[in-house]
Structure formats: C-alpha cells, structure tokens
Amino acid sequence: MGFLDRLLGRTSVPAGSTGALEAGEEPLAVATVRTGHLVVTRVGLWVPGDEAPQRLDWHLVSRAGWDGENLELTVAEEIGTAGEAVLLADVAVRAYAVTEPGDVPSQVNARVTGSVRSAHHRVLPGGGAWFVQRAVPGRDGVVLQVRLEPGTDHEVASAVAAEVAAALPRR
C-alpha cells in the first residue's frame, strides 16, 4: 500500500485482481488466496478466475462461511421472474483457501447478511424456497428474491412468488 493510499484511507489492490470497476466501486478490503486475491467492493467480491478476475455480485451470494482458513460462498443465478419477484437457484459452492484474510471475512459477512431485510422458508411441492427481501447495491428499496431448492416445482414456486410479491407493500 502506497503512502498516499494510507494517508487517504484507501485500500490498495494488487494489479490484475479486479476487472474494470464501476463508478463508485471502490475497493474496501483485500485478502490473499493461493490463486491470487479476493477484493471486496460495495458491489461485489472480485475473485480469481480462469482467465481474468470475476465479480460475484452481493445479491447473488446466498451464503458465506468462514472457518478461519477458508472462505466458502454459495453463489446463485437469476433463473426468471414472477411478478416483482426474482427467482434464483444456487449454482455453485466456491471455496477459497485464504492465506492473508485481512478484513475480507468480516466485510463479506457484513455485506451478505446485512443486505437481508427479511427471510422466510416455505415448503412447496418437490422441495421449498426461501423468500428473501434484500437490498441490492445501486437499486432503491428492496428486491424479493425467491431461492428455489433443488427439485422444487418451478410453476408452483413462480405462482406463489408472484402472489407474495403482489402482497408486499411498495417501497
């Protein structure tokens, strides 16, 4: 970290640890992992990729765990919409062996859990779903995310998600 970065309270990022940052997407914390670096920003977590760093947007990180050595993330993708609700499915569990964690574990925890305004599980045919109201960086208000468990009937989940979204007060 350079003198000017320390003086201004900025986080220094090793070259090649992120892609192009959005306006206002300033690095908040950096951790060293065996394959490169993890970089926390307001928008997401930059992780090493096969060819280039990749950003995991906070609203698509379903869970995060830290055991003192490894950071494990469950990552979802948007699979559709139902009214105002966004349907999600978990697609990957990513684990990073962290050699120098810095503030990254606490920042990840704060950003993943801090964005959740409410969460409720509902049993549905074939499985169930988590109905989560979540703040998303760069958007006003909250978004209703419905994270389907494997095997859950997609049509039933979509209908229930649309009903729930319609019943929520507009923010």
Side-chain angles (χ1 to χ4, degrees), residues 18-22 25 28 31 33 35-36 38-98 104-171:
T18 68
L21 299 177
E22 293 180 8
E25 184 185 8
L28 303 172
V33 296
T35 57
L38 302 176
V39 179
V40 174
T41 73
R42 180 184 65 76
V43 180
L45 178 67
W46 286 90
V47 299
D50 291 335
E51 296 181 22
Q54 173 189 18
R55 187 179 71 205
L56 305 176
D57 293 342
W58 293 123
H59 69 284
L60 296 177
V61 178
S62 300
R63 284 185 293 254
W66 170 246
D67 67 6
E69 295 178 2
N70 298 291
L71 181 65
E72 187 173 279
L73 307 169
T74 302
V75 182
E77 71 178 358
E78 294 182 3
I79 58 170
T81 58
E84 297 289 318
V86 177
L87 303 177
L88 302 177
D90 290 340
V91 293
V93 175
R94 297 181 180 205
Y96 300 94
V98 181
V104 167
S106 62
Q107 284 280 341
V108 168
N109 180 60
R111 297 199 177 277
V112 172
T113 60
S115 66
V116 174
R117 301 299 181 253
S118 71
H120 174 77
H121 185 266
R122 185 162 178 182
V123 176
L124 298 171
W130 280 96
F131 291 73
V132 180
Q133 287 185 291
R134 196 169 198 182
V136 177
R139 296 187 198 169
D140 289 334
V142 296
V143 172
L144 175 62
Q145 295 179 323
V146 181
R147 199 173 98 237
L148 306 181
E149 294 172 346
T152 303
D153 184 305
H154 192 276
E155 287 184 32
V156 171
S158 293
V160 171
E163 287 177 24
V164 170
L168 292 174
R170 300 277 179 205
R171 291 185 184 216

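Using a 4.5 Å heavy-atom threshold, the side chains of Val132 and Leu144 count as separate. Looking at heavy atoms from C-beta onward, Val143 lies out of side-chain contact with Arg134 at the 4.5 angstrom threshold. Two residues are said to be in side-chain contact when any heavy atoms from C-beta on lie closer than 4.5 Å; His59 and Arg139 meet this criterion. Residues Trp130 and Leu148 form no side-chain contact, since every pair of their non-hydrogen atoms from C-beta on lies 4.5 Å or further apart. At least one side-chain heavy atom of Leu88 sits less than 4.5 Å from a side-chain heavy atom of Leu60. Between Leu38 and Leu71, the closest side-chain pair of non-hydrogen atoms falls below 4.5 Å. With contacts defined as side-chain heavy-atom distances shorter than 4.5 Å, the pair Trp66/Val98 qualifies. In this structure the side chain of Phe131 reaches within 4.5 angstrom of the side chain of Val160, judged on heavy atoms.
To the nearest 0.5 angstrom, Leu124 atom CG is 12.0 Å from His154 atom NE2. Note: Arg111 CZ to Ser106 OG = 10.0 Å, rounded to the nearest 0.5 Å. Remark: Arg94 CZ to Gln54 CD distance equals 4.5 Å, nearest 0.5 Å. The distance from atom CG of Leu45 to atom CG of Leu73, rounded to the nearest 0.5 Å, is 6.0 Å. Note: Glu25 CD to Leu28 CG = 9.0 Å, rounded to the nearest 0.5 Å. Note that CD of Glu78 is 14.0 Å distant from CZ of Arg147, once rounded to the nearest 0.5 Å.
When every heavy atom of Trp58 is checked against every heavy atom of Val108, the shortest pair comes out as CH2-CG2, 3.9 Å. Here the shortest heavy-atom pairing between Gly19 and Pro53 reads N-CB, 4.2 Å. The nearest pair of heavy atoms linking Asp67 to Asn70 is OD1-N, 2.7 Å. Shown here for Val156 and Asp153, the closest heavy-atom pair between the two residues is N-OD1, 2.9 Å. The two residues Pro48 and Thr35 come nearest to each other via the heavy atoms CG-OG1, 3.6 Å. Nearest heavy-atom pair across Ala165 and Ala82 is CB-O, 4.3 Å.
In this structure, Arg55 pairs ionically with Glu22, as a charged nitrogen and a carboxylate oxygen lie closer than 4.0 Å.
Side chains of Asp90 and Thr74: a donor-acceptor N/O pair is absent below 3.5 angstrom, by distance only.
Trp46 places no side-chain N or O within 3.5 Å of a backbone atom of Leu56 that could act as its donor or acceptor partner. Judged by distance alone, the side chain of Glu149 and the main-chain N or O of Gly128 form a donor-acceptor pair under 3.5 Å. Put simply, the side chain of Thr81 never gets that close to the backbone of Gly83: no donor and acceptor are under 3.5 Å apart.
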Item to complete: Decide yes or no on side-chain contact (heavy atoms from CB on, under 4.5 Å) for Leu87 and Ser158, but give the supporting numbers first.
Response: CA-CA 8 Å; Leu87 303 177; Ser158 293; 3.3 Å; yes

